[in-house]
Colleague: 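Quick one: structure below, then a few questions.
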Amino acid sequence: MESKKRSADSMEELEDEQHVVADEAAVKSSKESQESIKPMEKLKKRRALDKERHAKGSDFVETLKFKKSSEVLAVTPTLSHSQGLRMDVFSDLASAESSVRKAAAEALVVELRKAQKVFEKVGKKGIEEEVVPLEAKKDEGFENCAPSVIYAIRRLVRGVSSSRECARQGFALGLAVIVGTIPSIRVDSVMKLIDDELKVTAKMEGQDARECLLGRLFAYGSLARSGRISAEWASDNNTTLVKDFISSVVSLAPKKRYLHEPAVSIILEVAAKLPEEALSSQILGAPGMHGWFEKAVVVGDPDVLFFALKLQERGYTGDMVGKLLPSTFSSNSFFSRDHLSSLAPCFKESTFCLPRVHSLWKVLVNILVPEATQTEDKSVRSNSSRKNKKNRKGGGFEEMTKNIRTFCEVVIEESLLMSSHDRKHLAFDILLLLLPRLPVSCIQTVLSPKLVLCLMDILSTKGSLLYNAAQHFVRELINWTGDDDDRRVGVIVSLQKHSSGRFDCITRTQTVKELISKFKTSSGCLLFVQNLMSLFVDEGTLTDEPSDQSQTTDENSELSTPVSDYPAESENADFLKKWVIDTMPRVLKNIKLDSNAKSLPHSELVQFIEAKFRVQTEIMKFLAVQGLFSASLGTEVTSFELQEKFKWPKAAISSALCRMCIEQLMHVLEDAQKMEVSHVLPNGLELNDLGSYFICFLSTLCNIPSVSLYRTLNSEDEEAFKKLQKMEYKLSTEARNIGPGPDANQLLALCYLLIQLLLQVLLHPGEFSEAALELVICCKKAFPAAAHGDSSENEDEFDDNGAPALMDVLVDTFLSLLPHTSGPMFFAIEQVFRYFCDDITDAGLLQMLRVVKKDLKSARHQAPPSDADEDDDDDFLAIEDAEETDDSEHVEGGNSDDHADDSEAMDGVEESDEEVTKNKEVGSEGTNGDEETDDEVEKKDEGNSGGRVGAERTDKESNRHVEDDSDSDDSDGMDDDAMFRMDSYLARIFKERKLASTESAHSQLMPFKLRVLSLLEIYLHRNPGKSQVMTIYSSLAQAFVNYHSVEGSEQLVQRIGAILQKKIFKAKDYPKGEDIQLSTLESLLEKSFKSASRSRYKMVSSLAQQSAFWLLKIIQSRDFPKSKLERVLEIFRQTLTDYFTNKKSRLKAGFVKDIIRRHPWIGFQLFGFLLEKSQTAKSEFRQVKSLELVDCIIKSWISANKRDDSKDAPTKSKFLKKHLPALCELIQQLLSNLPEKQSRRAEVRRFCSQVLHAISALKLHKSFLKTLKPDAYSAFESQLGPAFLKFKNLNE
């Protein structure tokens, strides 16, 4: 039973082993026959070997018979097995390496040819007497073949049925080469051997039968490739070998589905080597071929169709092919709708070989789109660009386009896409075969609505079965576009048109976005824009097909909505139009100069700007026509003045789309203005003045009777609209007259602002007319030459005595526009402010600063009214006085924790200061020590919640002071009219609805504040040295602290902090005006020190420290006499006294040390005071920290003495001599009461050693020793030891 169940592979391996055993035995016997004297011993050994082989199950090995003939051996060469065939070649034929298999086949052929030549010389007599016949039988038809050849053929035929490694491929190769090179092998005998050895019986199991079928297939393929079949027919036309072979192959094909296609390939292999006259008789006349063709259409056999098409390529025009091909074959007749519909079963059944694409489709693509079509398509595209369409008619291009359309509709859409997943997969593969040859004009035909909807349906669900296939198709589609703008435009338009502009949204990919980003040239962008215009206007191109839920999806089906909730047809059209409007301005971003633009020649730069200007004008005209105007008569209007025809959609677009067009038009103008700012050419005004071009275009369309604005303007808006047009025209004319320069730049900035305001008037009726009229008046006063001969009542009022200054009115106008203006409008305001901000007044600055400081969050405790407002800014840096904290007051503690978290998030502000970073080592040590090492302070802060309550109370008081300060600012520098206007600005933000909470009100006010901050940043950048910087600094610092305690103001806090850092503290210049009073600087400095010593927030403390550095730098630059600086020193004394006596002080010793290093004169003046306070410090930690300050002052004095050693040296030594008693007392106290911690003891000893070194450097040994008391002397000796001994030796 085991032998019956043994697989074909194991049987073959056993058989091969038996062959090897037999061969080795034969070789060994041959050697013994020549050397041994006793032939009987050889016979005994051979019999034993035969018994062993029979014991292993071999039924076909015969007993070897040798007859010694010394005469034959002496005269005739023997055909011994050792001289003929090597067994290792068969192992190499099964190798996985193709090169090894080739080499083995060549070696096998060489050996067999040699053996055959020897056999032909020896003849039958040699076979009977000397040569071992091996396993060949005489009735097999191999009488004329050498035994080695017979053995090789039998083994190769058996080997093609083996699935071991690549045995099937290698043995088939060997069989083909042997049959083709050894003429004595009869093909019919090999065919008979194939039938006998590889016969499929009923007893075989599935795997065994499969191996035999594949073996026969490979064996037949070897015979076909050997060329012997066609050679036999060439030598004898009456032979039946060809028919017998074809009949065998045809009978093999139906046994399994996977045998069909390779069987056809074998037949085609034979047919390719036969002449045309033999096709009908030998190939098509073979038994079984006629029935094969008859059943092909009914059962849907793509292999027979492939066979018929290949025969047609050879020129066969017979009736044998039946219904597979039209009677008179042509591409038009074959790709007709009726014929393709009849072949649909064949197309559907070609999916059996997936993922490999059936060979049929490559033949169909070659017939559908010949290779010569690509050249023809290029000529058609060039002719179409010249508007010459005559060449498109006539040739076969139109016929090919028609065939492609029919093929896609019948085969791709109706047969494959509407069927199973495998057939959808096949459809994608077929289109990928078609893409390389596809003409650009047929892109929209291939990317049909059904295909696009199918792609969206698959890609919208990442877990779908065809997701990878669809993703691969889309990726190959993108790669196919390459650098061809025509292909890219066709693909984008097709995808978006059939998906209503939502392909990326539904598929969750970046396909369309990626394709759009590849437009880099102006010509490509212009082509894309023109196609978008046609897509927007031509409603006939929009797809009206309903989406099939089994294949397609859209935005609503993503949300699992019922079919009835799908967008209506008009909504889909609006989606597409929105995408077109939104995409146009984005195309301009792709046209940009690279980093080497400055090195380009002037001519190339001019060409680039002209090309981009053409794209800008096309986009601008389209957006203006569709967004601003409507045609009253028809949908087309021709302007004879512009020599252009303008079109509108047949159905009027909605007002929302009109507003969207206006908004995008504003972005286009903003892009043009940015280009004006960044690229200034000698003829820049004429090359890229898109604003003036827009006004001229607008005026021209307004003068066409059949064209009107998309909405009716009221009287105020109409007046503003006309005045803005007129003023822009005058200013642009004046700019061209005066030529390039600063004045021209001011005029251009105003022109773009007027244009943006004009569009705002159209976009928001009744909201901007008043501001527009005010801006027109400002333009007249700023440039009276441009407005000569024009006067109005408003202008007369503006000229009255006591009227506000021009810049005040301009700032007032800007503030009225900023709350709800658009981004392009704000950019235009920035540019105008940049050119005019140098003339801003204090009143204008106060107006802007009041907006920044305005806080809509009401204070919890209203401060009582006070007549005196001198101290309204006392807490502008959120000073926290812990001594005044009322622990019994009930305050929520959650806000304090939130503030602490925010302060940690803003910790980067502290390290951003360059000067603080320069001394980071010392400062950080002081900070860490103050927070982590001072045990008493930490215990007090952690164990007592009063500190946190104090912080909350301080926040309340800070908010109250802010309110008072805002009121004082209202009364200082602003009259009643100005205050009323400011309140109206803030009221306009909330006029549409009442805000229920302060948080929502604050979020509404946030963009307004950020825009005002941008204007202030521009002013600080242009005027860093003006005295108004102090006013801006004070207000911004106050706002910084106020918003730090307000939730949701992180962005505003970061913006204010960045302006303070970059534009004030790190500016190249600083205020130096004489109008800055010293008392003002002293007051601000005192507040900074209080905040630095009381604030529990890191970023507020950092701001206070940097403010102190900046203020001290301003004070030192003024060169005040020492008598006037006494107040500054007093501030330091008060701060240090609080540090040494009050444990609630959060002053960092590193901060004070940094001030002493930058300003040594402060340290010299405070040296004695510092020595005195160090002795009375309540905290051991702070006493040790004060030693660093004392050491820093001494080092500064020594370095100053060295730099000026020749001048007044004795006087300088008196500085330290004067303070020796206090210094000795301090050291005595330290050495007598050493700290408990080891690190602090080391600090004390290091300080004492540094003092001794300084005294030695100043040569004050004697004075120092005289001043020391006995107790201090003993303390020096006991605590310092060698260091003090060395000091005494130097004195002696």
Side-chain angles (χ1 to χ4, degrees), residues 382 385-386 483 485-486 488-489 516-530 532-533 584-624 641-644 664-698 700 728-729 731-756 824 827-828 831 834-835:
S382 61
S385 63
R386 300 171 188 172
D483 297 329
D485 292 330
D486 294 307
R488 192 179 300 112
V489 169
I516 294 176
S517 65
K518 292 184 178 182
F519 288 105
K520 301 298 182 183
T521 61
S522 300
S523 59
C525 292
L526 187 60
L527 176 66
F528 182 50
V529 168
Q530 291 172 349
L532 290 181
M533 295 177 185
M584 280 196 175
R586 296 184 180 183
V587 178
L588 292 173
K589 297 180 180 179
N590 298 340
I591 312 176
K592 55 186 177 181
L593 293 171
D594 54 12
S595 58
N596 301 324
K598 296 183 179 179
S599 60
L600 292 176
H602 181 270
S603 58
E604 294 185 10
L605 192 58
V606 171
Q607 291 177 0
F608 168 80
I609 294 180
E610 289 179 345
K612 185 172 183 178
F613 182 67
R614 285 194 295 270
V615 181
Q616 286 176 327
T617 53
E618 289 297 321
I619 296 176
M620 181 273 296
K621 289 188 290 186
F622 170 79
L623 294 175
E641 182 178 353
L642 299 175
Q643 296 182 354
E644 287 188 66
Q664 296 301 326
L665 179 59
M666 296 172 72
H667 285 288
V668 173
L669 293 170
E670 178 191 11
D671 181 76
Q673 187 178 9
K674 288 180 179 179
M675 191 173 179
E676 289 280 352
V677 174
S678 57
H679 305 289
V680 180
L681 295 176
N683 297 324
L685 295 175
E686 298 179 0
L687 286 175
N688 197 22
D689 194 3
L690 186 66
S692 299
Y693 187 90
F694 167 72
I695 291 297
C696 295
F697 181 79
L698 183 67
T700 303
E728 195 283 334
Y729 176 76
L731 294 182
S732 60
T733 304
E734 182 69 16
R736 285 190 292 269
N737 292 335
I738 64 177
D743 294 338
N745 294 336
Q746 289 182 348
L747 289 168
L748 282 178
L750 279 172
C751 287
Y752 276 102
L753 179 57
L754 292 171
I755 295 172
Q756 296 285 355
F827 178 77
Q831 298 306 313
R834 189 184 306 276
Y835 290 116

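The figures here come from the full heavy-atom set of this structure, side chains too, leaving out hydrogens, waters and symmetry mates.
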Colleague: Is it the case that over 12 heavy atoms from other parts of the model lie below 6.0 angstrom from the NZ atom of Lys589?
Modeller: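 No, not enclosed.
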
Colleague: Quick one: does Gln664's side chain get under 4.5 Å of His667's, heavy atoms only?
Modeller: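 A side-chain contact under 4.5 Å exists here.
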
Colleague: Is there a side-chain contact between Arg586 and Ile516 (heavy atoms, below 4.5 Å)?
Modeller: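 SC-SC contact between Arg586 and Ile516 ruled out.
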
Colleague: Taking the basic N atoms (NZ, or NE/NH1/NH2) and the acidic carboxylate oxygens, is any pair closer than 4.0 Å for Lys592 and Asp671?
Modeller: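 Here Lys592 does not pair with Asp671 in a salt bridge, since their nearest N and O are not under 4.0 Å apart.
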
Colleague: Which residues pass the salt bridge (Lys or Arg N to Asp or Glu O under 4.0 Å) test with Arg614, sequence neighbours left out?
Modeller: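 Applying salt bridge (Lys or Arg N to Asp or Glu O under 4.0 Å) to Arg614 gives none.
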
Colleague: Under 6.0 Å from the six-membered ring centre of Phe519 and within 45° of its axis: does the NZ or CZ of Arg488 meet both?
Modeller: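 So Arg488 does make the cation-pi contact.
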
Colleague: How about Tyr729: does its OH atom have over 12 heavy atoms from other parts shown lying under 6.0 Å from it?
Modeller: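 No.
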
Colleague: State, with a plain yes or no, whether a side-chain heavy atom of Leu642 is found less than 4.5 Å away from one of Lys621.
Modeller: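 Not touching, per the 4.5 Å side-chain cut-off.
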
Colleague: Quick check: closest heavy atoms across Leu731 and Cys751, and the distance to 0.1 Å?
Modeller: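 For Leu731 versus Cys751, the nearest heavy atoms are CB-SG, 3.5 Å.
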
Colleague: Quick one: do Leu750 and Gln746 satisfy side-chain contact (heavy atoms from CB on, under 4.5 Å)? Show the steps, please.
Modeller: CA-CA 6 Å; Leu750 279 172; Gln746 289 182 348; 5.7 Å; no

Colleague: Looking at every heavy atom in both Glu618 and Met533, which two are closest together, and how far apart are they?
Modeller: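 Closest approach of Glu618 to Met533: O-CE, 3.1 Å.
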
Colleague: As a quick check of understanding, evaluate side-chain contact (heavy atoms from CB on, under 4.5 Å) for Leu747 and Ile738, giving each step before the final call.
Modeller: CA-CA 10 Å; Leu747 289 168; Ile738 64 177; 3.6 Å; yes

Colleague: Measure the shortest side-chain to side-chain distance between Phe694 and Leu665 over non-hydrogen atoms and say whether it is less than 4.5 angstrom.
Modeller: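 The answer is yes; the side chains approach within 4.5 Å.
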
Colleague: State, to 0.1 Å, how close Ser517 and Asn590 come at their nearest heavy-atom pair, and which atoms those are.
Modeller: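 Closest approach of Ser517 to Asn590, heavy atoms only: CA-ND2, 3.8 Å.
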
Colleague: Can you check side-chain contact (heavy atoms from CB on, under 4.5 Å) on Phe528 and Asp485, steps first, answer last?
Modeller: CA-CA 8 Å; Phe528 182 50; Asp485 292 330; over 6 Å; no

Colleague: List the atom of Leu669, the atom of Gln756, and the distance in Å for their closest heavy-atom pair.
Modeller: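 Here Leu669 and Gln756 meet closest at CB-NE2, 3.8 Å.
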
Colleague: State, yes or no, whether a side-chain contact exists between Tyr693 and Gln616 at a heavy-atom distance under 4.5 Å.
Modeller: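 No, side chains not in contact.
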
Colleague: Taking all heavy atoms of Ile591 and all of Ser522, pick out the closest pair and write down the distance.
Modeller: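 It is CG2-OG, 3.7 Å.
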
Colleague: Which heavy atom of Pro824 sits nearest a heavy atom of Met666, and at what distance?
Modeller: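 Looking at all heavy atoms of both residues, the shortest contact is CB-O, 3.5 Å.
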
